[in-house]
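Read the structure below first, then the notes.
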Amino acid sequence: MSMIGVLFLIFLAINCFISQSAYIAYNTSQGIVSGKLNVHLVPHTHDDVGWLKTVDQYYVGANNSIRGACVQNVLDSMISALLADKNRKFIYVEQAFFQRWWKQQSETLQGLVKQLVKSGQLEFINGGMCMHDEATPHYIDMIDQTTLGHRFIKQEFDQVPRVGWQIDPFGHSAVQAYLLGAELGFDSLFFARIDYQDRKRRKDDKTLEVIWRGSKSLGSTSQIFTGVFPRHYDPPDGFTFEINDVSEPIQDDITLFDYNVQERVDDFVAAALAQANVTRTNHIMWAMGTDFRYQYANTWFRQMDKFIHYVNKDGRVNALYSTPSIYTDAKYATNESWPVKDDDFFPYADKENTYWTGYFSSRPAFKGYVRMMSGYYLAARQLEFFKGRSKSGPNTDALADALAIAQHHDAVTGTQRQHVASDYAKRLAMGYVEAEELVASSLACLAESTSKTECGNPMGKLKQCPLLNVSYCPPSEMTLSSGKSMVVLVYNSLGWKREDVIRIPVINESITIHDSSGKEIESQLIPIANASLKLRNYYIQAYLGKSPSVTPKYWLAFMASAPPLGFSTYVLSNVKNPGSLTTLSTIYTSLGSDNDTLEVGQGNLKLTYAVDKGKLTHYTNSRNLVNADIKQSYVFYSAYAGSDVDPQASGAYIFRPNGTYPIKTEQQGLLTVIRGPVLDEVHEQINTWISQITRIYKGKEHVEVEFMVGPIPIDDGIGKELASQITTAMETNKTFYTDSNGRDFIKRIRDYRTDWELQVNQPVAGNYYPVNLGLYMEDEKREFSVLVDRSVGGSSLEDGQIELMLHRRFLHDDTKGVGEVLNETVCVSEECTGLTIQGKFYFRIDPLGEGAKWRRTVGQEIYSPFLLAFTEQDGDNWTGSHVPTYSFMDPSYSLPDNVAVVTLQELEDGKVLLRLAHLYETGEDKDLSVVASVELRKLFHGKKQGDGDELVSKSR
């Protein structure tokens, strides 16, 4: 045959081969194979509900100059890819995004998606509105945001998520394990971030997967299988396939150059075997995805189809499409014995000198706003239920959504960019406005109603004071002219009667207060400090764009009481009779010129100050016979700025101090003491940017410290992190206790970890822990407790001392992704200054074993303060036509001291959601760590309930 003929035959053969190889049917149907290493490929995307961009910018793909991320594309593309192959699977987490997308889809597509969910191709994991943080949220907020997502999934898909997927939060809490894990019904929990020393040890010991018992009270009855990824929440190196990723794809067309099937199969098997060497059983999981991936889903699924096909043809390991639920079932089926993990996974460092403990305190104003809105939302839902949920009127839904998103691990953490923080705050403010209208109408309605089962349209208009934290309350700053009076409704969202001091700014000096029975009560006028007025005027101008129309002269303080789940009414008038019970405070200013001491407090509790130094020196409680030396001071940590050798700086996430500097009082010995029948105050001006007021209330046995910090000066080129220290002579043996999301208290030992031998490289940052409720320490005789009004970082860096970080301001970013320096400012007329923080903490010393009741009870009161509503009346036109006091509960009943109302809410379908919490751990209190019973008929007095009228809440 001629050469031409040979070439022609070769040409025909090649053409024949090309036509045969143009299409390859990939076998992706593989399931689990016993006796082989099973590689569970779990396609996923991690979609931050705000961080570098706002939640809506991330959803629609706006502001892509910051980051090219569009969740709408992710969901569109992923659904199309799943519909193309019934064997493909995908998990999705963030319901804030999915619900936005769902509302925009046709009924036809919604029907197809429901089939994907029903078949298990698409599985909702975690199921909350966001992937909440685990250090800085309160447990009630964690429950609420999870409930919002789960209710949607149940209503639309009749599914309940089985698995927790907390892959990105920067440390993991015990409450997440047992309350938001096992008690939620999850079968397992997975995450990525643990301390780098802990991860190394766990990989060496094959203990990345454990049984986590987060509650020492519930023990094994509330444990959960927990898996820690051997690396981050992305695939092994070389297996990421977004359109611009650099991993080599499988090129399996032999007619093209760079055919590499065997090479890539070998890479896959090598990576699988490497992970199997640090994992028990013959099942490993690959998290096939990372942040905002699958915007072009076919680029991922095309490669995974090929890997499953060719790896299984190779036969050395078995690859399959999977989900965490399938993986969990496979792990359970092995009957492996797993190591047990107690307590939590805090603090977290991803490398030496890089402790993620700064975010415990970042953006303290936003943290305080979230906490304030959380308590308000709890009360608003109760009032919405009492009145009856309206289908057309105002409701709490917008506030619920805003609060849910705010629990995201780059929201309440304070680790987002400034424009995103503003977006979160705006959503909260908009939600509050609608909830405020609901609260006002509900209170007015309940006050008008003569029947607890009926509530018409109220005629009265009640106003509230959301800016009372900056001494601004227009409803209370009215002029009380002759015949006019101010009516204050005081609502108590707790399940027991409570008494607390109310402080409101007023103009008039001649004020008389009468309670719900018409009896005049004792009150006190306290001059408003100049620093408070300056802060008030500046921030009202900054945020409302106007100056206050009047300037109040005094705080009016009086002891108010309110029934459980109810309100009381107080009437303020300017009719001052001889012998009135309103007292103008006495003021004493010490000049520090002698060695005398002064004592404040008029009940059992007394504080002693050294006049010459102007410092707190002694704490005495005559009832429980506690006498203790004590001092309180401020320090700042200079922020490490990074260097060429070690670039890690302190920033929004990272706490890396570069020295500790005590702050000396500039006018030593200068104290202003204000006394009266309701409370005593000690005013201290520490320096030009730190001041505080220490208060002791009549009838209370704890100390309240209100601090005003800022603007933190940085004109010296140094970022600063400010902390307050309270020091006693207690011998605490390196040990202290911090709360877990406001629930359990966990034992901490300085420079120690229960799971491994800690190599200490950051003795300050490595001993900081998240604090939501409080922290305490104890010795052989006493216990010293501190409670907080928002999430902060705290520690005990020396025996007998407790420290709280209050504010942070920097000049450098910590290079952990946010790409923006944490330097919060507030601006008026285009002139900006650093942010000033005003907040409170509380402390008390008890005999050993007696502090828990104060921590739990007052902790509830801090989270759920009295809700105040105001109106004015001519004559008695309000009091004559409204009930002066009201309780939803039976008048003879209140909840046990160890039980709290977590949720009382009417849902959209008319059903009522009631959650009760036992407040005490096993052994925490000798009297209150016991089983408690709640009588539902008395709790729902006047309302119908289903069968059974008693609910038993067991001690945790």
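Rounded to the nearest 0.5 Å, atoms CG (L535) and OG1 (T836) are 6.0 Å apart. To the nearest 0.5 Å, atoms OG (S516) and CZ (F567) are separated by 8.0 Å. With rounding to the nearest 0.5 Å, the separation of CG in L598 from OG1 in T608 is 8.0 Å. With values rounded to the nearest 0.5 angstrom, L928 atom CG is found 9.0 Å from E924 atom CD.
Side-chain atoms of Q692 and Q685 form no donor-acceptor pair, as typed in the model, at a separation below 3.5 Å. Neither side chain, R856 nor N898, offers a donor N or O lying under 3.5 Å from an acceptor on the other. For the residue pair E448 and S881, no side-chain donor N or O sits within less than 3.5 Å of a side-chain acceptor on the partner. Side-chain contact check for S523 and T582: at least one donor-acceptor pair (N or O, by modelled atom type) lies under 3.5 Å. Between D515 and S517, the side chains place a donor N or O and an acceptor N or O closer than 3.5 Å (distance only, hydrogens not considered). Side-chain contact check for N627 and T620: at least one donor-acceptor pair (N or O, by modelled atom type) lies under 3.5 Å. Side-chain contact annotation: Q524 with T583, donor-acceptor N/O pair under 3.5 Å absent.
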Subject >> From CA spacing to verdict: salt bridge (charged side-chain N to carboxylate O under 4.0 Å, His left out), E477, R536 >> reply: CA-CA 13 Å; E477 296 165 16; R536 158 195 163 101; 2.8 Å; yes

**OP:** Please assess E850 against K926 for the test salt bridge (charged side-chain N to carboxylate O under 4.0 Å, His left out), listing each intermediate value before the final yes or no.
**Re:** CA-CA 9 Å; E850 297 182 13; K926 59 184 175 59; over 6 Å; no

**OP:** Could you walk me through whether L480 and M486 pass side chain to side chain contact (heavy atoms under 4.5 Å, CB included), step by step?
**Re:** CA-CA 7 Å; L480 296 176; M486 182 196 315; 4.0 Å; yes

Subject >> Derivation and outcome, side chain to side chain contact (heavy atoms under 4.5 Å, CB included), residues D789 and R371 >> reply: CA-CA 8 Å; D789 67 347; R371 184 60 53 84; over 6 Å; no

**OP:** Evaluate the criterion side chain to side chain contact (heavy atoms under 4.5 Å, CB included) for residue pair L895 and V934; output intermediate values, then yes/no.
**Re:** CA-CA 7 Å; L895 287 182; V934 175; 3.7 Å; yes

Original post:
What do the steps show when you test H138 against Y863 for ring pair (Phe, Tyr, Trp, His ring centres under 6.0 Å), and what is the final call?
Top reply: CA-CA 9 Å; H138 195 275; Y863 177 79; 4.3 Å; yes

**OP:** For salt bridge (charged side-chain N to carboxylate O under 4.0 Å, His left out), just list the numbers for K553 and E509, CA-CA rounded to whole Å, side-chain angles, deciding distance to a tenth of an Å, and then say yes or no.
**Re:** CA-CA 8 Å; K553 298 179 180 179; E509 183 175 330; 5.8 Å; no

Original post:
What do the steps show when you test L616 against T694 for side chain to side chain contact (heavy atoms under 4.5 Å, CB included), and what is the final call?
Top reply: CA-CA 10 Å; L616 173 66; T694 303; over 6 Å; no

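Atom NZ of K497 has 12 or fewer heavy atoms from other residues, nucleotides or ligands within 6.0 Å. For NZ of K840, the number of neighbouring non-hydrogen atoms (other residues, nucleotides, ligands) closer than 6.0 Å is greater than 12. The local environment of CG in N530 is sparse, with at most 12 non-hydrogen atoms from other residues, nucleotides or ligands closer than 6.0 Å.
With hydrogens and angles ignored, the 3.5 Å screen pairs a side-chain donor or acceptor of S585 with a backbone N or O of L525. Judged by distance alone, the side chain of N508 and the main-chain N or O of S510 form no donor-acceptor pair under 3.5 Å. Remark: the backbone N or O of V786 is not paired with any side-chain donor or acceptor of R844 at under 3.5 angstrom. Proximity of a side-chain donor or acceptor of Q838 to a complementary backbone N or O of N469 within less than 3.5 Å is detected. Counting only distance, with no hydrogens or angles, the side chain of S887 and the backbone of P564 share a donor-acceptor pair below 3.5 Å. Side chain of S864 to main chain of E861: no donor-acceptor pair is present (N/O by atom type, distance under 3.5 Å, no hydrogens or angles). The backbone N or O of D925 lies less than 3.5 Å from a partner atom in the side chain of S929, making a donor-acceptor pair.
No side-chain heavy atom of D680 sits under 4.5 Å from any side-chain heavy atom of I674. Contact of the P466 side chain with the Y432 side chain is registered, since non-hydrogen atoms from C-beta on lie closer than 4.5 Å. Put simply, the side chain of I502 reaches to within 4.5 Å of the side chain of I504, judged on heavy atoms. Between I511 and N574, the closest side-chain pair of non-hydrogen atoms is not below 4.5 Å. Inter-residue side-chain proximity for V678 and K698 is flagged as unmet; no heavy-atom pair is nearer than 4.5 Å. Between D897 and T857 there is no side-chain heavy-atom pair separated by less than 4.5 Å. The shortest side-chain heavy-atom distance between I587 and P527 falls under the 4.5 Å cut-off. Side-chain contact check for S547 versus N537: every heavy-atom pair is 4.5 Å or farther apart.
In this structure, R381 satisfies the cation-pi test against Y377, with its NZ or CZ atom closer than 6.0 Å to the six-membered ring centre and inside 45 degrees of the ring normal. Annotation: cation-pi pair R503/Y554 absent, no NZ/CZ under 6.0 Å from the ring centroid and within 45° of its normal.
Under the ring-ring contact (aromatic ring centres under 6.0 Å, His included) test applied with F558, the options Y697, Y570, F866 reduce to a single match, Y570. Considering D739, I862, L775 in turn, I862 is the only one that fulfils the side chain to side chain contact (heavy atoms under 4.5 Å, CB included) rule with L787. Each of E384, K387, K461 was checked for a side-chain hydrogen bond (donor to acceptor under 3.5 Å, both in side chains) with S441, and the lone residue meeting it is K387.
Here E684 does not pair with K615 in a salt bridge; the nearest charged N to carboxylate O distance is not below 4.0 Å. Salt-bridge formation is not detected for the pair E436/K463: no Lys NZ or Arg NE/NH1/NH2 atom is positioned less than 4.0 Å from an Asp or Glu carboxylate oxygen. Remark: D629 does not engage K631 in a salt bridge, criterion side-chain N to carboxylate O under 4.0 Å. Classification of R855 and E778 as a salt-bridged pair fails, no side-chain N sitting under 4.0 Å from a carboxylate O.
Scanning both residues, P884 and T569, for their nearest heavy atoms gives O-OG1, 2.7 Å.
Ring orientation note: the planes of F843 and Y619 are tilted relative to one another, at an angle of 30° to 60°. Note on ring orientation: taking the six-membered ring where Trp is involved, the planes of F386 and F888 are parallel (angle under 30°, cut-offs 30° and 60°). Taking the six-membered ring where tryptophan is involved, the planes of Y776 and F745 are perpendicular, since the angle between them exceeds 60° and thus also 30°. Taking the six-membered ring where the residue is Trp, Y543 and Y539 present tilted rings, their angle falling between 30° and 60°. The aromatic rings of H702 and W854 lie tilted to each other, with the angle between the two planes from 30° to 60°.
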